[in-house]
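Keep in mind the model is a prediction, meaning the values are calculated, not measured. Atoms within a ligand are numbered from 1 in the order they appear, just like the ligands themselves.
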Amino acid sequence: MKMALRMCESLLRRSLRFPSLSVTLENASPRLRTVLHAGGVVGRGLHASSAAWVSSRELLDGLLKGRALLPDGAPGHCPAALPPDRVDQFSLLLKEPDQPESPKCLKVAIIGAPNAGKSTLTNQLLGRKVFPVSKKVHTTRSSALGVITDDDTQIILLDTPGLTTPSKVKRHQLERSLLVDPLKSLKEADLVVVMVDVSDRWTHNRLDFEVLKCLALCPHIPAILVLNKVDLLKNKTLLLDLTTKLTEGVVNGKRVHGTPRPSQKEVAEFPAAAEPQTKSTLSREQLRALKDCKGWPHFRDVFMLSATDGEDVEPLRRYLLVSAKPGPWQYHSEVLTDQNPEDVCTNMVREKLLEYLPQEVPYTVTQHIELWRETEDGMLEICIKLHVKKDSHKKMAIGPGGMLVTRLAREVSEDLMNAFQREVRLRISISLKRLSGAVLLRLPESSLQYPRATAFLMDPTHLHMVMT
Ligand SMILES: Nc1nc2c(ncn2[C@@H]2O[C@H](COP(=O)(O)OP(=O)(O)OP(=O)(O)O)[C@@H](O)[C@H]2O)c(=O)[nH]1
């Protein structure tokens, strides 16, 4: 009995640190279940199921390792947690992989137009939110990876920024990584997942030209098509029509049901799927031919899902697991992502800023982490200062009666608790960024284009006009 009570104590403590832990409890002693229910553990964090019997020892071991237990008692897939300390995360990334006897591995690049849902899908596949998601485009600014380790298989997911063009990067002053990273990830991949937002009627009828270019540059890498956001599609029969267009009527060498067989000439115009070499550029003729294409006829499979819904994503997860080939793991099984914990946190804050602040305002906010520490009882304490450029932006970010900044802190804390699997106390403050070290330039009267402007204030990155 003492043992059972100690276990309950441990469970209750763990339930705070592992709020989404999933454990099968049926047939654990009735008293243990009563205590767990009374403590509010079951129903809040743990899911009781009638499927299995788990001995006290196994349950305790599983919980201490932060793992779920499957019905047969074997350790199953429970996503790892992100270490809150950047040094621990760094050592974990360098740690020798704990290879099973016959390891399998698959590197998957997820590509698509901005806002297709790549980060949402990656988070869903990982089982934890470690990538920022927002309805504004280019939420993801550089490639990062997520790792799923399930039994003897490791899937490495390469989340890439939405594909864009050099002219857009220049026009919107975006990072060059947005151009380079997706192609780099693609060249490393064993499988490419192309995501399309089917709810966007302006773009869903053809593959994004940048996506087509990537596929044509690496035609030998197997690719699958994921039609995302089907929950937003009222007329589901449209999915067949879209599949036909986006695959040119051919999937895995077979004709999509009810479509005319493409002519030999039509298929021959596409770069061959088995072509072994990865090219770095396409010829003018190839680019011209691609411009006329709507889809890619070399997809191996097509999935239709809603990335926000776990159930729809499960078949894709299973497909990735069975597609893995024998080969060594690249990371220790406790690795969840290669991002450092502070970056995960600032990305989550950026996600909320993008979500709640209007137009260009969130893009002008910078963040500074003032405090990052783990307390003795394992809680993570974080203080972040947001620097805004204008008083009006400050008012917007604080919100009426401090409502918005409180909401930001609460929502980001929830996401961080999920990623780090521990309690998080986050404080966000907002300050106006002064133009420190600004230089006042007096301009000759004749050179002024604006009648009331007499001087420009310069800081290293921006030119501000002072109206007098
Ligand atoms: N309704 C619905 N919304 C979705 C789905 N998947 C993603 N979204 C939403 O679509 C928006 C964009 O999702 P992201 O995952 O950030 O898209 P992304 O492709 O990573 O975007 P970039 O970082 O700009 O390349 C967010 O508001 C998501 O909540 C889905 O299946 N259904």
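In this structure, K352 places its NZ atom where more than 12 heavy-atom neighbours from other residues, nucleotides or ligands lie under 6.0 Å away. Within a 6.0 Å radius of NZ in K291, no more than 12 heavy atoms belonging to other residues, nucleotides or ligands are found.
Annotation for ligand 1: atoms under 4.0 Å from non-hydrogen atoms of L232 are 1 (N). Close approach of ligand 1 to D231 (heavy-atom distance below 4.0 Å) involves ligand atoms 1 (N), 2 (C), 30 (C), 31 (O), 32 (N). Distances below 4.0 Å separate heavy atoms of K118 from the following atoms of ligand 1: 15 (O), 17 (O), 18 (P), 19 (O), 20 (O), 25 (O). Taking every non-hydrogen atom of A307 and a distance limit under 4.0 Å, the qualifying atoms of ligand 1 come out as 6 (N), 30 (C), 31 (O). Close approach of ligand 1 to G117 is summarised as follows: ligand atoms under 4.0 Å from at least one heavy atom of the residue are 7 (C), 13 (O), 14 (P), 15 (O), 17 (O), 18 (P), 19 (O). With ligand atoms numbered from 1 in the order given, ligand 1 contributes 24 (O), 25 (O) to contacts under 4.0 Å with heavy atoms of P114.
Of the options K229, K135, E351, E355, the smallest heavy-atom separation from atom 10 (O) of ligand 1 is shown by K229.
The shortest N or O to N or O distance between L305 and ligand 1 is not under 3.5 Å.
Residue contacts with ligand 1: S134 is included, with a non-hydrogen atom under 4.0 Å away.
Heavy atoms of N115 found under 4.0 angstrom from ligand 1 belong to the backbone as well as the side chain. When heavy-atom distances to ligand 1 are checked against a 4.0 Å cut-off, T308 comes that close through both its backbone and its side chain. Contacts of V230 with ligand 1, taken as heavy-atom pairs under 4.0 Å, are absent altogether.
Relative ring orientation between Y319 and F303 is described as perpendicular, the plane-to-plane angle rising above 60° on a 0-90° scale split at 30° and 60°.
Within the 3.5 Å criterion, the main-chain N or O of Y331 finds a donor-acceptor partner in the side chain of Q154. Judged by distance alone, with hydrogens and angles left aside, the side-chain atoms of E370 form no donor-acceptor pair with the main-chain N or O of I384 at under 3.5 Å. A donor-acceptor pair under 3.5 Å links the side-chain atoms of D98 to the main chain of S333, judged by distance alone.
Residues V192 and I224 fail the side-chain proximity criterion, which asks for heavy atoms closer than 4.5 Å.
Under a 4.0 Å N-O distance rule, the pair E360/K389 does not qualify as a salt bridge.
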